[in-house]
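As the structure lists them, so they are numbered: ligands from 1, and atoms in each ligand from 1. Please read all numbers here as calculations on a predicted model, not as lab measurements.
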Amino acid sequence: MTSFPPLKNDLLLRAARCEKVERIPVWAMRQAGRYLPEFREVRSKHDFFTICRTPELACEVTMQPLRRMDLDAAIIFSDILVIPQALGMTVEMKPGKGPTFPGPLLLPEDIKKLNTTPDVTAELGYVFEAITLTRQKLEGKVPLIGFSGAPWTLMAYMIEGQSSSTFSKARAWLYKYPEESKSLLGILTNVIIDYLVGQVKAGAQLLQLFESHAGILGAKTFNEFSLPYLKLIASKVKSKLSDAGHATVPMTVFAKDAHYALEDLVNTDYDVIGLDWTIDPIMASKLASSKGKALQGNLDPAALYGSEESIASLTKAMVKQFGTRGYIANLGHGMYPDMVPEHLKKFVDAVHTCSENSEN
Ligand SMILES: Cc1c2[nH]c(c1CCC(=O)O)Cc1[nH]c(c(CCC(=O)O)c1C)Cc1[nH]c(c(CCC(=O)O)c1C)Cc1[nH]c(c(CCC(=O)O)c1C)C2
């Protein structure tokens, strides 16, 4: 096992375990990326997936936001779509269009064309290397978050072939081919489990699952095609790490727009439930605290388009609603590319100022 510099700021990990904190930890989804001029500079010289596949470049862009603001976590620079690539699919990142699959899954027979049991270290070892390098480079400043897309969200892109407001092709599979859909979700689940275990062994200190397209499912389809796989991932990642004699790490599930599933998610093995901005903090806090779960979120990212004064007052109001125990401040979704870094800094500073010395 690689040894790393000791962690100097463990606020995120303590909050994730609902332990006492001196102040509330804060980070932002998509904190590394296109809204930062220094990222655009790197991106102007390299293809998106080349950055992901080159540990020095991935490490550099992971560190960029930390140089600008007092974030309490780093998140490894990568993308959820590296898993479809590991299964043998081609994914291109087209500027202005986002991810594109030239050969999406059209019919269940296409599943047979996938490499359904990839050697995760051979295919995704570059992510593990980037994590190990970044842990060294962080020098224990803050914890490093690893992540993966959740099975349904990955399946949605693999069938749709690109982003979509309805993902109607992917949703059609759930009704036309329910059994084949479950078999694809099972294939993805197995790969995700090994991928996340590998990330922890490489140095990730918390794991986040992005079920970014939970909102296009309903309560019934979520219960059938998302929740069972999310549950399996949390329990298996933890048991596999324990069986390997490795310490487990806290796990966060972010099922965007799955307001209908909050109670179910609180009853899983995830330690932290990520909330989008449509969820009422007080209602969510009552649910989560009764089960000893932490919450993460949930300022509307669009609030960062407002004035610095309004960012500070909205942040203060949000922190007051969530309380200080078992809470990680974040946005309710990722940064948008046209945002100004100074406004994210204002959000981060506002969390610090209004939560310092909070005792509970
Ligand atoms: C965690 C993460 C992701 N992508 C990137 C990161 C690392 C950066 C960070 O968080 O700091 C870099 C990351 N990923 C991408 C970019 C921009 C690409 C470029 O530079 O051209 C960056 C910086 C490309 C990408 N990749 C994806 C999209 C969204 C497409 C859609 O709207 O449907 C896009 C635009 C898929 C994707 N990728 C990711 C998600 C889950 C989070 C979310 O819901 O936003 C999703 C859905 C996760």
Side-chain angles (χ1 to χ4, degrees), residues 27-53 57-69 71 73-85 91-101 104 127 130-131 134 142 144-167 169-170 192 195-196 199 204 206-216 252-258 274-277 296-298 301 330-339 341 344:
W27 69 281
M29 289 186 277
R30 300 285 190 115
Q31 66 189 23
R34 290 170 292 176
Y35 79 101
L36 287 176
E38 54 273 35
F39 173 77
R40 295 197 296 269
E41 171 70 25
V42 175
R43 183 71 176 87
S44 69
K45 297 190 195 113
H46 306 277
D47 166 73
F48 177 77
F49 286 112
T50 304
I51 302 176
C52 298
R53 286 171 179 272
L57 291 174
C59 172
E60 162 58 22
V61 292
T62 300
M63 305 288 286
Q64 284 178 344
L66 303 179
R67 294 186 192 121
R68 278 184 182 256
M69 42 205 133
L71 294 155
I75 178 162
I76 192 65
F77 189 87
S78 183
D79 195 76
I80 61 167
L81 300 174
V82 298
I83 290 192
Q85 288 180 330
V91 187
E92 291 159 4
M93 206 54 83
K94 297 198 174 159
K97 191 164 182 248
T100 316
F101 292 65
V127 179
I131 287 174
T134 307
V142 290
L144 180 61
I145 301 172
F147 72 92
S148 171
W152 158 247
T153 295
L154 295 180
M155 169 178 163
Y157 284 107
M158 288 160 73
I159 293 170
E160 208 73 34
Q162 59 185 28
S163 192
S164 157
S165 55
T166 61
F167 280 89
K169 292 188 187 110
I192 291 166
Y195 180 45
L196 291 174
Q199 290 189 36
L206 183 149
L207 296 171
Q208 177 154 327
L209 259 287
F210 286 98
E211 190 68 292
S212 300
H213 297 305
I216 51 172
T252 301
V253 61
F254 175 62
K256 185 172 176 287
D257 294 326
L275 305 176
D276 64 75
W277 68 96
Q296 173 173 279
N298 75 343
N330 205 313
L331 304 174
H333 197 203
M335 291 291 290
Y336 303 136
D338 64 348
M339 285 176 161
L344 178 58

J.: Judged on heavy-atom distance to atom 16 (C) of ligand 1, which of Tyr336, Phe48, Phe167 sits nearest?
T.: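 Looking at heavy atoms only, Phe48 sits closest to atom 16 (C) of ligand 1.
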J.: Which protein heavy atom lies closest to atom 30 (C) of ligand 1, and at what distance to 0.1 Å?
T.: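 Answer, as residue, atom name and distance: Tyr157 OH, 3.4 Å.
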J.: Who gets closest to atom 32 (O) of ligand 1 by heavy atom: Gly149, Ser164, Ser163?
T.: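 Going through Gly149, Ser164, Ser163 one by one, Ser163 has the nearest heavy atom to atom 32 (O) of ligand 1.
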J.: Give yes if a backbone or side-chain nitrogen or oxygen of Arg34 is under 3.5 Å from a nitrogen or oxygen of ligand 1, and no if not.
T.: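 No; every N/O pair is 3.5 Å or more apart.
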J.: To the nearest 0.1 Å, how far is atom 26 (N) of ligand 1 from its closest protein heavy atom, and which atom is that?
T.: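 Scanning the protein heavy atoms, the shortest distance from atom 26 (N) of ligand 1 goes to Asp79 OD1, 2.8 Å.
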J.: If you count the atoms of ligand 1 from 1 in the order shown, which ones are under 4.0 Å from a heavy atom of Ala32?
T.: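 Near Ala32, meaning under 4.0 Å from one of its heavy atoms, ligand 1 has 8 (C), 9 (C), 11 (O).
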J.: Give a yes or no answer on whether the side chain of Gln199 reaches the backbone of Phe147 with a donor-acceptor pair at less than 3.5 Å.
T.: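 Indeed, once roles are kept as given, a pair shorter than 3.5 Å links the two residues.
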J.: With a 3.5 Å distance limit and no angle check, can you tell me whether Glu160 reaches the backbone of Lys169 through a side-chain donor-acceptor pair?
T.: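 Indeed, once roles are kept as given, a pair shorter than 3.5 Å links the two residues.
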J.: Of the protein's non-hydrogen atoms, which lies at the shortest distance from atom 48 (C) of ligand 1, and what is that distance?
T.: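 Answer, as residue, atom name and distance: Ile80 CG2, 3.8 Å.
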J.: What orientation do Phe39 and Phe77 show, parallel under 30°, tilted 30 to 60°, or perpendicular over 60°?
T.: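 Plane angle between 30° and 60°, so tilted.
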J.: Can you say whether the rings of Phe210 and Phe254 are parallel (under 30°), tilted (30 to 60°) or perpendicular (over 60°)?
T.: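 Rings of Phe210 and Phe254: perpendicular, as their planes differ by over 60°.
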J.: Between ligand 1 and Thr153, is the shortest N or O to N or O distance under 3.5 Å?
T.: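 For ligand 1, there is no N or O atom that lies under 3.5 Å from one belonging to Thr153.
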J.: Output every pair passing side chain to side chain donor-acceptor pair (under 3.5 Å) with a member in residues 27-37, not counting sequence neighbours, ordered by first then second residue.
T.: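 Residue pairs with at least one partner in residues 27-37: Trp27-Gln296.
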J.: Side chain, backbone, both or neither: which part of Lys256 comes within less than 4.0 Å of ligand 1 when only heavy atoms are counted?
T.: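 Contact part for Lys256 vs ligand 1: neither.
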J.: I'd like to know whether ligand 1 has Phe39 as a neighbour, heavy-atom separation below 4.0 Å.
T.: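 Yes, that is the case, since the closest heavy atom of the residue is under 4.0 Å from the ligand.
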J.: Any chance you could measure His46, atom NE2, to Leu57, atom CG, to the nearest 0.5 Å?
T.: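 Taking NE2 in His46 and CG in Leu57, the distance rounds to 4.5 Å.
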J.: Which atoms from ligand 1 have a heavy atom of His333 less than 4.0 Å away?
T.: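 In order of numbering, the contacting atoms are 43 (C), 44 (O), 45 (O).
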J.: Please confirm whether Phe147 comes within less than 3.5 Å of ligand 1 when only nitrogen or oxygen atoms on both sides are compared.
T.: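 No; the residue has no nitrogen or oxygen that sits under 3.5 Å from a nitrogen or oxygen of the ligand.
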J.: Check each atom of ligand 1 against the heavy atoms of Ser212 and keep those under 4.0 Å away; list them by number with element.
T.: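 Contacts of ligand 1 toward Ser212, numbered from 1: 41 (C), 42 (C), 43 (C), 44 (O), 47 (C).
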J.: Please check if any side-chain donor atom of Glu211 sits under 3.5 Å from a side-chain acceptor atom of Thr153, or the reverse.
T.: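 There is such a pair (donor and acceptor under 3.5 Å, judged by atom type) between the side chains of Glu211 and Thr153.
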J.: Looking at Arg67 and Glu38, is any side-chain nitrogen of the basic one under 4.0 Å from a carboxylate oxygen of the acidic one?
T.: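 No.
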J.: Which of these, Cys52, Ser78, Pro65, has its nearest heavy atom closest to atom 12 (C) of ligand 1?
T.: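 Going through Cys52, Ser78, Pro65 one by one, Ser78 has the nearest heavy atom to atom 12 (C) of ligand 1.
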J.: Between Ala58, Pro99, Gly98, which one has a non-hydrogen atom sitting closest to atom 34 (C) of ligand 1?
T.: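 It is Pro99 that holds the nearest heavy atom.
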J.: If I compare all heavy atoms of Pro104 with all of Ile159, which pair ends up nearest, and what's the gap?
T.: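 Smallest heavy-atom distance, with atoms named: CB-O, 3.5 Å.
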J.: Nearest heavy atom to atom 19 (C) of ligand 1: which of Arg30, Arg43, Met335, His213 does it belong to?
T.: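 Result: the heavy atom closest to atom 19 (C) of ligand 1 is in Arg43.
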J.: Within this structure, what is the CZ-CE distance for the pair Phe49 and Met93, rounded to the nearest 0.5 Å?
T.: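 It is 3.5 Å, given to the nearest 0.5 Å.
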